[in-house]
Amino acid sequence: MEQIFEIPVYLFTGFLGSGKTMFIQDALEGRDFNDGERTLLLMCEDGEEEYQPDRFYGKNVFIEEIEEESDLTTEFLAGLVEKYDAERVIVEYNGMWMLDTLYGNMPPGWLIYQEMTFADATTFVLYNQNMRQQTFDKLKSAELVVFNRCVRDEGFRERQLEMHKICRVANRKSQILYEFAPDDVILDDIADPLPYDMNAPLIEIGDDMFAEWYRDINENQDQYDGKELIVRGRAVTGEGLDNHCFIFGRHVMTCCVEDIQFAGLLCIRQEDAGEPENGGWVRIRAEVRVEYTPVYQEEGPVLYCTAVEKTEPADPEVAGF
């Protein structure tokens, strides 16, 4: 059997002019990050800034330009690593290309070690309005979001709140930094309280809270174990499920209309809980138990329903953030 070696991948995303090249250049000039490792640097767009390899601390950096998104095939990427005998890969990704193209074509052994996205604070909100799908795509899995070219004036807090909200819709866990100058950087300090009371004996999830609840119960499932809640959504029966089971959820729009998906959880109902109709709207009262189920093929939140009542559709029917 052929041995597969682990290749660390450092992924830097953001639109053209967002500061990716300068950050990578600075990183490669330092011994801490570039002490001679054989590094494959993939340039997926050609901006105004150019790399200056003569200033890199380690000299084993091999730059390859990727001109088309369609070039990102498993065979091509694996061939580049073999060509340079690379020990790691740095990707400066094109802001207009979708990340799934890279994720879906990474050769065996490639592992994302760090993912950072960069944004120009002066244009970010406008970019989000006009190219929301591409913006959301770069935020959804980023560990760190860096807003550069920030201006420290009376209007900064209002702009910060708007940038923060856009980031949190896509990703609740990313760290956010605001850069005013090379040595003037602050960490985001805006709290993100949930819109419902987690300490209540019975947690009530309003229609406008569904998307936030669904994301949080999946990201922080252990915090919900043993909690009892009331929430409204649609029931999906059949699909190979046992008679006392159904999938409960709603369609959720995280980014744009093209991104609408049904977000559901497994429900197990008591005999006297009421029987839902396939596709019908129901209000459920349930206890959350985090456990393994073949439906998820892993541990996850399962809703044990003590009440399943027919109800009117939520308004709007598609949940959003």
Side-chain angles (χ1 to χ4, degrees), residues 10-27 42-51 69 90-103 112 114-193 195 211-212 215 219 252-260 320-321:
Y10 298 87
L11 177 58
F12 301 93
T13 68
F15 291 112
L16 192 67
S18 60
K20 301 188 299 291
T21 303
M22 292 182 62
F23 184 90
I24 296 171
Q25 174 73 38
D26 289 344
L42 300 180
M43 286 178 51
C44 297
E45 63 183 0
D46 188 14
E48 293 183 4
E49 296 289 335
E50 295 184 358
Y51 287 107
E69 187 174 359
I90 297 174
V91 183
E92 181 184 1
Y93 206 62
N94 191 308
M96 300 305 295
W97 297 356
M98 303 304 287
L99 280 172
D100 284 348
T101 303
L102 175 64
Y103 294 153
I112 301 292
Q114 188 173 34
E115 182 177 340
M116 299 174 59
T117 192
F118 294 81
D120 183 337
T122 65
T123 59
F124 175 74
V125 174
L126 182 62
Y127 272 44
N128 180 64
Q129 292 171 351
N130 296 325
M131 293 181 288
R132 191 175 182 193
Q133 188 172 15
Q134 288 86 348
T135 304
F136 180 90
D137 181 64
K138 306 309 177 293
L139 293 171
K140 64 183 181 182
S141 53
E143 301 164 64
L144 177 65
V145 181
V146 179
F147 288 105
N148 50 48
R149 303 182 181 91
C150 294
V151 178
R152 196 184 297 278
D153 57 16
E154 292 183 357
F156 171 70
R157 189 63 174 181
E158 182 177 349
R159 297 192 300 272
Q160 181 190 16
L161 287 169
E162 190 166 10
M163 291 186 289
H164 172 96
K165 181 179 179 180
I166 294 170
C167 289
R168 286 294 174 255
V169 166
N171 185 338
R172 282 181 60 89
K173 295 186 175 181
S174 59
Q175 190 176 48
I176 305 173
L177 295 178
Y178 304 92
E179 182 181 57
F180 301 90
D183 297 319
D184 187 4
V185 179
I186 64 171
L187 180 66
D188 187 85
D189 61 352
I190 300 173
D192 292 296
E212 187 76 5
R215 179 174 60 186
E219 292 181 351
V252 174
M253 182 174 68
T254 53
C255 167
C256 48
V257 173
E258 293 80 2
D259 195 48
I260 294 176
F321 293 90

How many angstroms lie between [atom1] in [X] and [atom2] in [Y], if you round to the nearest 0.5 Å?
{"X": "F23", "Y": "F12", "atom1": "CZ", "atom2": "CZ", "result": "5.5 Å"}
{"X": "I190", "Y": "L161", "atom1": "CD1", "atom2": "CG", "result": "4.5 Å"}
{"X": "D189", "Y": "I176", "atom1": "CG", "atom2": "CD1", "result": "10.5 Å"}
{"X": "S141", "Y": "L11", "atom1": "OG", "atom2": "CG", "result": "7.0 Å"}
{"X": "T13", "Y": "W97", "atom1": "OG1", "atom2": "CH2", "result": "13.5 Å"}
{"X": "E48", "Y": "L16", "atom1": "CD", "atom2": "CG", "result": "7.5 Å"}

[X] and [Y]: which non-hydrogen atoms are nearest, and at how many Å?
{"X": "R215", "Y": "V169", "result": "NH1-O, 2.6 Å"}
{"X": "A121", "Y": "C150", "result": "CB-SG, 3.7 Å"}
{"X": "V91", "Y": "C44", "result": "CG1-SG, 4.2 Å"}
{"X": "I186", "Y": "R152", "result": "CG2-NH2, 4.3 Å"}

- Item | Intermediate values then yes/no, side-chain contact (heavy atoms from CB on, under 4.5 Å), E45 and K20 | CA-CA 11 Å; E45 63 183 0; K20 301 188 299 291; 2.5 Å; yes
Is it the case that the side chain of [X] and the backbone of [Y] share a donor-acceptor pair, with hydrogens and angles ignored and the cut-off at 3.5 Å?
{"X": "E179", "Y": "V185", "value": "no"}
{"X": "R168", "Y": "S174", "value": "yes"}
{"X": "N171", "Y": "A142", "value": "yes"}
{"X": "Y93", "Y": "M98", "value": "yes"}

- Item | Lys/Arg N to Asp/Glu carboxylate O, D188 vs K165, below 4.0 Å | no
- Query: Among F15, F147, Y178, which one satisfies ring pair (Phe, Tyr, Trp, His ring centres under 6.0 Å) with F124?
  - Reply: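 Between F124 and the candidates, ring pair (Phe, Tyr, Trp, His ring centres under 6.0 Å) is satisfied uniquely by F147.
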- Task: Using the side-chain contact (heavy atoms from CB on, under 4.5 Å) rule, take E69 and N94 through it: C-alpha gap first, then chi angles, then the decisive distance, then the call.
- Result: CA-CA 9 Å; E69 187 174 359; N94 191 308; over 6 Å; no
- From CA spacing to verdict: side-chain contact (heavy atoms from CB on, under 4.5 Å), T21, M43: CA-CA 9 Å; T21 303; M43 286 178 51; over 6 Å; no
- Task: Please name the residue in the list Q133, Q134, K138, K140 that meets the side chain to side chain contact (heavy atoms under 4.5 Å, CB included) test with F136.
- Result: K140
- Message: Take a 6.0 Å sphere around CE of M22 and say whether it holds more than 12 heavy atoms from other residues, nucleotides or ligands.
- Response: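 Count not over threshold, so no.
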- Query: Going through the checks in order, is the side-chain contact (heavy atoms from CB on, under 4.5 Å) test met by Y127 and D120?
  - Reply: CA-CA 10 Å; Y127 272 44; D120 183 337; over 6 Å; no
